[in-house]
Amino acid sequence: MRLTFKPLAGLMLAATLAGAPLGAVAFAQDTAAPAAAAPAEAAPAPAAAAPAAAAPAPAAAAPAAIVDKNDKGDNAWMLTSSLLVLLMILPGLALFYGGLVRSKNMLSVMMQVSTVAIIGFVAWVLWGYSFAFTDGGSWDSYVGGLSRLFLKDVTPASNVATFSTGVVIPEFTFISFQATFAAITAALVVGSLVERMKFAAIVAFAVLWPLLSYYPMAHMVWWWPGPDAIAQAPTAAVKSGLIWGFGALDFAGGTVVHINAGVAALVGALILGKRQGYGKEPMPPHSLTLTLVGAGLLWVGWFGFNAGSNLESNGYASLAMINTFVATAAAGLSWILVEWVTRKKPSALGLASGIVAGLVAVTPAAGFAGPMGSVILGLVVSPICIFFCSVVKNALKYDDSLDAFGIHGIGGIVGAIGTGILVNPVIGGAGIVDYTSCGKDGDLSTCDNAVYNMGTQVLAQLKGVCVTIAWSAIASIIVFFVIKLIIGLKASPEAEEEGLDISEHGERAYHS
């Protein structure tokens, strides 16, 4: 399937405010069906930089065309993965966050997470998918276009590329899977805003923030022409999102989801201000039981998040799955060991926090690192997150209520940079497929790995991280200040004191 796209004019203001350069991007290559989620069998550096680009196989040696294959097993796995990611949000994230607040705010947190998610699903099919995963014309480095607004021209017969030449999945399946990512990313930000933000402001955030931050970030990291286009035209310029063009690797959303949400959470906490009594009175979690249940559901659902991002049910999905097991376990163990040494008592809250930190860190690396590298990543990420959740937060005195920045933002940064190291095949990583090398023996499904250079790859990762931090920070500042000026962000002191369950929703989580 081949799509035709229009330039996006409607988001010019958003991209301008977010600090994007305005230069037109001129590319001659036609684009294939959208392929998103971080490449598993792929995500090479741009074709022009690949070693084989200067000496492609003779045209006569390659087949005239690639016959796309739509495998029922791949589709079944992706449908299952989509449901697993939904489980992460409802009830996983809602219970995880809900258990961490005071009992008078339990329902309000669950309402906020759930409402942000359902708005995310609706907005995704109306405009989000088009802005994230279509060609944006002269704005294509930063954001997509209008060709899929309201899912125009999407049918049960339309397909999108995966990360293997000649393999596709139904476009409706891909849209459903990516919708869950858009829904959970905005919901993660809620963790820094709980117990004091108006429900109306949360609703406005759920609509506005993805427009300026999530959809452009998804496009910059995951929009590329697909393996078939590169394999069939290995010397042509590759039209892609900005961060993909850096050669940065992000298997399942370290930048797009976690750094993006974590930075937005920090910005929101700073602009919103502290909870009444913060730093002066204890605010312990009201139910660590529910928090641990939520953490468990997050871990289960995360297998759809990570292994599903391969878009195919093959060995790379298996690699992402085992990495999601071992990195998470290592991070949970690391967190409680640090607490045991420094505070003499390992805590259930620390265990839950470590599990999430490990899940966050392995997300960008899931299909690139080897299992031993993932164990190391998990062991490393927890002490760093502990430092930011305690020492840095206490020193700067900001109220990141549930440590959304300290775990998602910082864990995402650690994972994104670590991916650039752990992908190295010499230390057990999967390497990076060079699609420009496909077809040397006349079979376009046979491709080589690109030559790995640690300095080059880590630099690409750092560039991706820096762009993500800057984009998310500027976009989030704009969104929060606009909402503050028009609606107002913070609930009244009286509403906070009574609890948002009653003051915002007229209900209580518990009657006793």
Kindly state each residue pair satisfying side-chain hydrogen bond (donor to acceptor under 3.5 Å, both in side chains) with at least one member in [range], sequence neighbours excluded.
{"range": "residues 405-418", "value": "His258-His408"}
{"range": "residues 340-361", "value": "Glu339-Ser347"}
{"range": "residues 192-201", "value": "Arg102-Glu195, Asn105-Glu195, Glu195-Arg275, Arg196-Ser401"}

Aromatic ring proximity Phe181/Tyr214, centre distance under 6.0 Å: no
Output all residues satisfying ring pair (Phe, Tyr, Trp, His ring centres under 6.0 Å) with [X], sequence neighbours left out; order by chain, then residue number.
{"X": "Phe96", "result": "none"}
{"X": "Phe387", "result": "none"}
{"X": "Tyr97", "result": "none"}

Please give me the minimum heavy-atom distance between [X] and [Y], naming the atom from each residue.
{"X": "Trp124", "Y": "Ala182", "value": "CE3-CB, 3.6 Å"}
{"X": "Ala357", "Y": "Ala331", "value": "C-CB, 4.5 Å"}
{"X": "Val116", "Y": "Ala183", "value": "CG1-O, 4.4 Å"}

Side chain to side chain donor-acceptor pair (under 3.5 Å) test vs Tyr129 passes for just one of Gln178, Glu171, Arg148, namely Glu171
Identify which one of Thr185, Thr468, Asn260 satisfies the side chain to side chain donor-acceptor pair (under 3.5 Å) criterion when paired with Ser213. Asn260
If the threshold is 4.0 Å, N to carboxylate O, is there a salt bridge linking Lys393 and Asp403?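 Here Lys393 pairs with Asp403 in a salt bridge, since their nearest N and O are under 4.0 Å apart.
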Counting heavy atoms not belonging to Ile322, are there more than 12 under 6.0 Å from its CD1? no
